[in-house]
Amino acid sequence: MSRFLNGKYSQLQPYVPGEQPQDRSYIKLNTNESPYPASDAVLEALCSAEISKLNLYSDPTADLLIKALAEEYGLAPGQVFAGNGSDEVLAFAFQAFCDEGKGMACPEIGYGFYPVFCSLLGIEFLPVALNDDFTIDISRFKGLTQNITIANPNAQTGLYMPISDIESLLCENPDRLIIIDEAYCGFGGASALHLLESYDNLVIVGTMSKSRQLAGARVGYAFASEAIIGDLNKIKYSFNPYNLNRLSILAGVAALKDKEYFQTTSRLIIETREYTKEKLKELGFEVTDSAANFVLASLKGISGKQLYQSLKQRGVLVRFLKDEKLKSWVRITIGSRAQMNTLLGLLMQIKEETGL
Ligand SMILES: *Cc1c(COP(=O)(O)O)cnc(C)c1O
């Protein structure tokens with residue numbers, strides 16, 4: 001830390017992204033990326049004229065992308081916001097709708113960035129306890145004053161919360177903003193999108209990083225009332241009007257339009273996820289009933305950290321999460337069928353070697 005750092009950031013603990021080691025090639029099952037490449041349509045779009053226009057700023061309204069999202073999801077363009085990854089969209093929303101007096105309540109196990117945004121922005125973060133089986137008990141969000149952010153399916157656990165629970169939250173808390181982070185919605189869980197018609201306190205956040213093969217292009221978005229989208233634009237135009245670059249706008253549009261590829265890859269990941277769950281259970285693992293592109297898994301007798309380390313030595317990266325309640329778990333991204341078979345083979349080896 002230099003002596004110039006603003007004192008209010010001296011205690012800031014930044015988010016720790018999953019490792020992206022460059023030292024050797026790993027089977028990467030640690031950051032919930034897609035094992036499949038971006039659609040050919042994306043590659044074609046990127047090879048087209050845009051590269052010759054990199055001397056010019058991108059369109060600050062990201063008009064092409066906003067219109068494509070509006071069309072795909074049946075909304076008016078004024079109900080759509082786009083950002084440099086959904087992390088940016090979430091940060092803008094926390095900044096726009098929380099303050100010293102209005103904090104953010106989130107499930108205690110969830111996306112690790114939420115508490116970091118709060119700490120960066122000077123917002124109170126309130127973790128709300130989960131049930132022992134990691135499901136969300138919405139009654140624990142009752143009677144609070146904070147806004148609410150919940151990932152659905154939930155980050156880290158993969159568990160899907162029924163839309164009726166989201167509707168209860170919206171209905172019971174008309175003066176609190178409810179942000180539903182649908183980063184993992186492309187893998188079987190339904191979206192709460194249709195509730196936008198009835199509730200003006202709902203924000204849906206989405207990303208092309210997980211189910212549309214564009215983690216490296218950084219394309220995220222939000223759907224909400226026109227008034228809320230106007231507020232998000234106010235923050236964006238006060239911070240970084242060209243938040244989406246030329247290439248990412250085009251990549252996002254092309255990925256959205258290639259519905260067939262989206263459906264095919266999502267189906268493959270769902271099938272591989274269900275296969276992986278079964279095989280892990282056969283090996284004696286406890287596995288969450290995830291509706292996302294990852295599962296949490298734990299094996300009696302070995303800690304999450306040990307499992308993570310043993311797999312890393314053997315060339316497979318999974319995620320060990322520092323959360324106290326996840327000590328015995330690792331989070332495994334669903335890769336291709338071949339990658340999962342390699343993983344399963346190594347787990348069997350580790351089991352035998354450790355006598356478990
Ligand atoms: C991965 C993830 C994000 C961030 O996605 P980007 O669009 O890549 O910034 C947001 N929310 C959750 C729950 C995630 O898992």
Side-chain angles (χ1 to χ4, degrees), residues 14-20 28-35 38 42 62 65 69 80-95 104 106-118 120 125 127 130 134 136 148-161 166 178-189 191-192 203-223 232 236 240 243-245 247-249 251-252 255-256 262 266 269 273 288 290-296 318-319 321 323 326 331-334:
Y15 177 71
V16 183
E19 337 162 57
Q20 305 282 354
K28 263 195 98 269
L29 306 175
N30 67 330
T31 47
N32 298 345
E33 291 141 324
S34 176
V42 168
L65 179 62
L69 282 163
V80 182
F81 179 81
N84 186 5
S86 61
D87 287 338
E88 185 187 70
V89 177
L90 288 158
F92 285 173
F94 280 38
Q95 187 170 10
M104 188 60 86
C106 304
E108 60 177 343
I109 294 171
Y111 187 37
F113 231 133
Y114 304 150
V116 177
F117 291 143
C118 288
L120 175 69
F125 176 77
L130 295 180
F134 295 148
I136 295 171
I148 297 172
T149 300
I150 299 177
N152 195 38
N154 198 14
Q156 324 314 3
T157 68
L159 298 184
Y160 179 75
M161 177 169 78
I166 296 176
I178 318 276
I179 300 175
I180 302 297
D181 180 348
E182 296 189 343
Y184 299 110
C185 216
F187 307 104
S191 169
V203 180
I204 306 249
V205 174
T207 175
M208 299 206 187
S209 296
K210 310 286 162 59
S211 56
R212 292 191 194 262
Q213 291 81 30
L214 288 186
R218 316 300 303 125
V219 184
Y221 48 87
F223 306 135
L232 290 173
K236 166 183 140 172
N240 185 11
N243 63 341
L244 276 159
N245 69 67
L247 301 179
S248 296
I249 291 173
L256 260 185
F262 169 65
S266 299
I269 286 171
R273 177 187 70 211
T288 55
S290 169
N293 65 337
F294 60 87
V295 295
L296 266 188
V318 297
R319 190 81 180 263
L321 296 143
D323 196 300
L326 297 180
R331 195 190 68 192
I332 305 170
T333 302
I334 302 301

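Order of listing sets the numbers, starting from 1, for every ligand and every atom in it.
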> Among residues at least two apart in sequence or on other chains, which ones pass ring-ring contact (aromatic ring centres under 6.0 Å, His included) with F117?
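In terms of ring-ring contact (aromatic ring centres under 6.0 Å, His included), with neighbours along the sequence ignored, F117 is linked to F94, F113.
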> Between the side chains of Y15 and D87, does any donor sit under 3.5 Å from an acceptor?
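Absent: no donor and acceptor within the cut-off.
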> Report the residues that fulfil ring-ring contact (aromatic ring centres under 6.0 Å, His included) with Y221, sequence neighbours left out, ordered by chain and then residue number.
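Counting only residues at least two positions away or on another chain, Y221 forms a ring-ring contact (aromatic ring centres under 6.0 Å, His included) with F223.
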> Evaluate the criterion side-chain hydrogen bond (donor to acceptor under 3.5 Å, both in side chains) for residue pair T31 and K28; output intermediate values, then yes/no.
CA-CA 8 Å; T31 47; K28 263 195 98 269; 2.8 Å; yes
> Which protein N or O atoms sit under 3.5 Å from any N or O of ligand 1? Give atom names and distances.
{"from": "ligand 1", "atom 1": "5 (O)", "to": "S86", "atom 2": "OG", "distance (Å)": "3.1"}
{"from": "ligand 1", "atom 1": "7 (O)", "to": "S86", "atom 2": "N", "distance (Å)": "2.6"}
{"from": "ligand 1", "atom 1": "7 (O)", "to": "S86", "atom 2": "OG", "distance (Å)": "3.0"}
{"from": "ligand 1", "atom 1": "7 (O)", "to": "T207", "atom 2": "OG1", "distance (Å)": "2.5"}
{"from": "ligand 1", "atom 1": "7 (O)", "to": "S209", "atom 2": "OG", "distance (Å)": "3.3"}
{"from": "ligand 1", "atom 1": "8 (O)", "to": "S209", "atom 2": "OG", "distance (Å)": "2.6"}
{"from": "ligand 1", "atom 1": "8 (O)", "to": "R218", "atom 2": "NH1", "distance (Å)": "2.7"}
{"from": "ligand 1", "atom 1": "8 (O)", "to": "R218", "atom 2": "NH2", "distance (Å)": "3.4"}
{"from": "ligand 1", "atom 1": "9 (O)", "to": "S86", "atom 2": "N", "distance (Å)": "3.2"}
{"from": "ligand 1", "atom 1": "9 (O)", "to": "D87", "atom 2": "N", "distance (Å)": "3.0"}
{"from": "ligand 1", "atom 1": "9 (O)", "to": "D87", "atom 2": "OD1", "distance (Å)": "3.4"}
{"from": "ligand 1", "atom 1": "9 (O)", "to": "D87", "atom 2": "OD2", "distance (Å)": "3.1"}
{"from": "ligand 1", "atom 1": "9 (O)", "to": "R218", "atom 2": "NH2", "distance (Å)": "2.7"}
{"from": "ligand 1", "atom 1": "11 (N)", "to": "D181", "atom 2": "OD1", "distance (Å)": "3.4"}
{"from": "ligand 1", "atom 1": "11 (N)", "to": "D181", "atom 2": "OD2", "distance (Å)": "2.6"}
{"from": "ligand 1", "atom 1": "15 (O)", "to": "Y184", "atom 2": "OH", "distance (Å)": "2.5"}
{"from": "ligand 1", "atom 1": "15 (O)", "to": "K210", "atom 2": "NZ", "distance (Å)": "2.9"}

> Is the backbone N or O of C106 less than 3.5 Å from a side-chain atom of T149, with the two atoms forming a donor-acceptor pair by type?
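Not at all, since once roles are kept as given, no pair shorter than 3.5 Å links the two residues.
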> Scan residues 150-160 for pairs that pass side chain to side chain donor-acceptor pair (under 3.5 Å), counting only residues two or more places apart or in two chains.
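Qualifying pairs: Q156-R331.
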